Amino acid sequence: MKAKQLIASTLLREGLRYVEKDPEKNIPRLINWADKIAVKERHKNYVKAVREIWEDTESNWHGFMQRLIKEVNPNVQKKTLINFLVNTSLQGIPLADKMEEKHSCHIPWAVLMDPTAACNLNCLGCWAEQYNSSDELSKETLDRIINEGKELGTYMYIYSGGEPLLRKGDLLDLAEKHPECMFLAFTNGTLIDEKLAEELARVGNFALAISIEGFEEKNDLRRGQGTFKKILEGMEYLKKHGVIYGFSTCYHSKNVYEVGSPEYLDYMIEKGCIFGWYFTYMPLGKNADLSLLVSPEQRKHMRNFVKESRNHKPIFTIDFWNDGDLTQGCIAAGRHFLHINARGDVEPCAFIHYSNVNIKETSLVEALQSPLFMEYYQNMPFNDNHLRPCPLLDNPDMLKGMVMRSGACSTQLKDRESVQELTDKCQEAAQNWGKLADEIWQGREKKPIFANKKEKIMR
């Protein structure tokens with residue numbers, strides 16, 4: 001496997017040298033080499049799709065590829081392509097499949113970790129505000145998790161918080177120590193300066209997802225006065241140095257039509273965003289503002305908007321709740337990712353604050369085999385309608401049952417919100433969305449995606 005990885009990396013590096021000289025002429029050559037590297041049939045199909053995209057010069061995806069060529073630093077291009085196509089695919093996927101069979105549990109495509117729970121902002125309705133802000137994962141612990149993950153076939157590591165860039169020195173060191181991995185940090189964007197942009201371009205395997213809630217008025221409503229202008233300043237530095245970055249937007253009842261508009265998406269593209277990740281507001285914490293939950297009609301609007309944007313805009317967009325039909329349901333608890341908070345509690349998801357184990361006391365694979373994670377493993381998908389994927393927002397009784405059967409405890413040290421309290425808040429929203437989602441699901445165009453619920457869509 002290592003030999004194949006080396007050969008594939010060499011081929012890609014050589015191909016990228018040709019692309020730098022004459023992209024229009026040499027992209028087909030790179031695609032041909034990728035076809036030779038691909039092992040599994042589904043990967044060959046991906047290459048075929050890329051070839052069709054490149055040949056269709058009128059498509060938005062052709063425009064997206066042009067942006068990657070013209071806007072991204074060559075060093076970042078090389079590191080990203082090699083890490084995704086070779087390490088994650090050629091080496092990581094077959095190994096992860098073997099490890100899943102060996103350990104009888106999900107093996108994640110990505111591990112989400114919080115280096116610190118501290119933050120320089122105080123955003124209204126923050127999903128992490130009930131954590132203890134003094135908690136953090138040491139550099140040594142983060143390094144151990146990455147090493148254990150690579151042994152399982154996991155090559156993608158994502159940081160959240162708190163504000164992860166408060167630990168930017170440690171995170172850059174880890175990206176350099178593990179050049180075969182890809183790293184991404186969810187950041188509020190206010191700590192990005194030119195020096196950091198230069199370092200990210202130099203390292204090459206570290207991208208950013210910048211939290212933004214809309215245009216200036218809507219953004220600063222939740223994130224604080226002046227944050228919008230600071231975010232744009234950070235984006236300019238990243239764009240100047242060719243770093244891969246995108247936006248991370250939480251949509252709620254008061255901003256949904258703004259962030260779900262062509263004007264907003266066009267503005268993000270103009271500012272250099274390569275991708276956009278949409279999240280919906282989750283009512284975590286005993287004092288959560290339930291008025292921020294989106295209505296069924298607003299959620300449907302976001303689903304339609306994101307689907308449409310993927311057909312017309314040169315940017316890669318995802319909606320982590322409304323794309324359940326593409327992922328065959330929930331992707332948490334190691335099915336595609338898991339979350340380790342700054343205290344070390346291993347949680348199924350960044351929005352599910354219950355756990356049986358702490359990473360400081362156990363290995364990554366033992367955490368994946370913990371009672372709550374096994375409840376997810378045995379019960380996924382949580383609904384036959386994959387437009388209702390979430391065990392909290394869409395199927396609250398499922399989450400309540402899994403937490404209670406597993407004996408998992410709340411990881412929100414400030415308020416210790418019980419699963420009964422949490423799921424009670426989501427019952428009405430789940431019922432209301434369920435009625436509309438069932439109508440959409442029954443009337444959808446029937447396209448088989450993956451019949452096996454354990455199939456790894458993102459792989």
Side-chain angles (χ1 to χ4, degrees), residues 67 71 118-129 160-166 168 184-197 200 207-241 243-283 288-295 298-299 301-302 304-306 308-309 312-321:
R67 290 189 63 206
E71 299 177 23
C119 187
N120 61 320
L121 298 183
N122 186 25
C123 302
L124 176 67
C126 175
W127 63 271
E129 67 180 339
S160 57
E163 172 48 53
L165 293 187
L166 290 171
K168 58 186 176 183
L184 180 141
F186 284 100
T187 172
N188 61 42
T190 62
L191 300 179
I192 301 169
D193 55 21
E194 185 149 24
K195 182 179 179 181
L196 176 61
L200 291 170
L208 297 180
I210 301 172
S211 298
I212 186 168
E213 303 282 304
F215 294 111
E216 187 168 11
E217 181 180 352
K218 289 288 195 299
N219 178 80
D220 289 3
L221 174 70
R222 286 190 67 201
R223 309 193 71 80
Q225 195 69 29
T227 57
F228 183 79
K229 291 179 180 177
K230 192 68 176 173
I231 287 168
L232 296 189
E233 181 182 322
M235 286 184 174
E236 286 301 317
Y237 289 130
L238 298 174
K239 186 176 183 179
K240 175 182 176 181
H241 292 280
V243 177
I244 289 180
Y245 63 97
F247 69 86
S248 171
T249 292
C250 173
Y251 60 90
H252 51 79
S253 62
K254 295 178 172 56
N255 75 343
V256 62
Y257 295 113
E258 180 165 294
V259 301
S261 70
E263 293 78 15
Y264 176 74
L265 198 55
D266 287 342
Y267 190 69
M268 292 293 100
I269 295 169
E270 177 190 330
K271 292 302 174 183
C273 291
I274 296 296
F275 62 87
W277 287 2
Y278 284 103
F279 300 84
T280 195
Y281 173 77
M282 299 289 277
D289 184 354
L290 299 185
S291 72
L292 292 176
L293 285 167
V294 293
S295 68
Q298 289 174 328
R299 185 165 168 178
H301 167 80
M302 284 303 303
N304 292 340
F305 171 73
V306 173
E308 189 70 10
S309 74
H312 298 286
K313 303 292 185 182
I315 185 171
F316 182 67
T317 52
I318 296 174
D319 183 330
F320 279 85
W321 276 260

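Only a predicted model underlies this, so the values are computations on that prediction, with no experimental measurement involved.
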To the nearest 0.5 angstrom, please state how far the [atom1] atom of [X] sits from the [atom2] atom of [Y].
X: Leu191; Y: Leu121; atom1: CG; atom2: CG; answer: 8.0 Å
X: Thr187; Y: Leu196; atom1: OG1; atom2: CG; answer: 8.5 Å
X: Tyr245; Y: Ile192; atom1: OH; atom2: CD1; answer: 9.0 Å
X: Glu71; Y: Leu238; atom1: CD; atom2: CG; answer: 12.5 Å

Would you name the heavy atoms of [X] and [Y] that are closest together and state the gap between them?
X: Val259; Y: Tyr278; value: O-OH, 2.8 Å
X: His301; Y: Gly260; value: NE2-O, 2.9 Å
X: Ala197; Y: Val243; value: O-CG2, 3.5 Å

Result block: side-chain N/O donor-acceptor pairs under 3.5 angstrom for residues 223-234, not counting sequence neighbours:
from	atom 1	to	atom 2	distance (Å)
Thr227	OG1	Asn219	ND2	2.9
Thr227	OG1	Asp220	OD1	2.9
Thr227	OG1	Gly224	O	2.8

- Quick one: list whatever passes side chain to side chain contact (heavy atoms under 4.5 Å, CB included) with Gln298, sequence neighbours left out. Ser253, Val256, Tyr257, Val294, Ser295
- Task: State which residues pass side chain to side chain contact (heavy atoms under 4.5 Å, CB included) with Cys250; sequence neighbours excluded, sorted by chain then number.
- Result: Glu213, Arg222, Tyr281
Within a strict 4.5 Å, meaning less than it, do heavy atoms of the [X] and [Y] side chains meet?
X: Phe247; Y: Tyr264; value: yes
X: Phe320; Y: Ile318; value: yes
X: Pro283; Y: Leu293; value: yes
X: Met302; Y: Val306; value: yes

- Parallel, tilted or perpendicular for Phe186 and Trp277, by the 30°/60° rule? tilted
- Query: How far apart are the C-alpha atoms of Thr280 and Arg299, what are their side-chain angles, what is the distance that settles it, and do they pass the side-chain contact (heavy atoms from CB on, under 4.5 Å) test?
  - Reply: CA-CA 8 Å; Thr280 195; Arg299 185 165 168 178; 5.9 Å; no
For residues 266-276, please give each side-chain donor-acceptor pair under 3.5 Å, one per line with the distance, not counting sequence neighbours.
from	atom 1	to	atom 2	distance (Å)
Asp266	OD1	Lys313	NZ	2.7
Asp266	OD2	Lys313	NZ	3.3

- Task: Please list, chain by chain and in numerical order, all residues satisfying salt bridge (charged side-chain N to carboxylate O under 4.0 Å, His left out) with Glu194, sequence neighbours excluded.
- Result: Lys240
- Task: Sequence neighbours left out, what passes side-chain hydrogen bond (donor to acceptor under 3.5 Å, both in side chains) with Thr190? Give chain and number order.
- Result: Asn120, Asn188
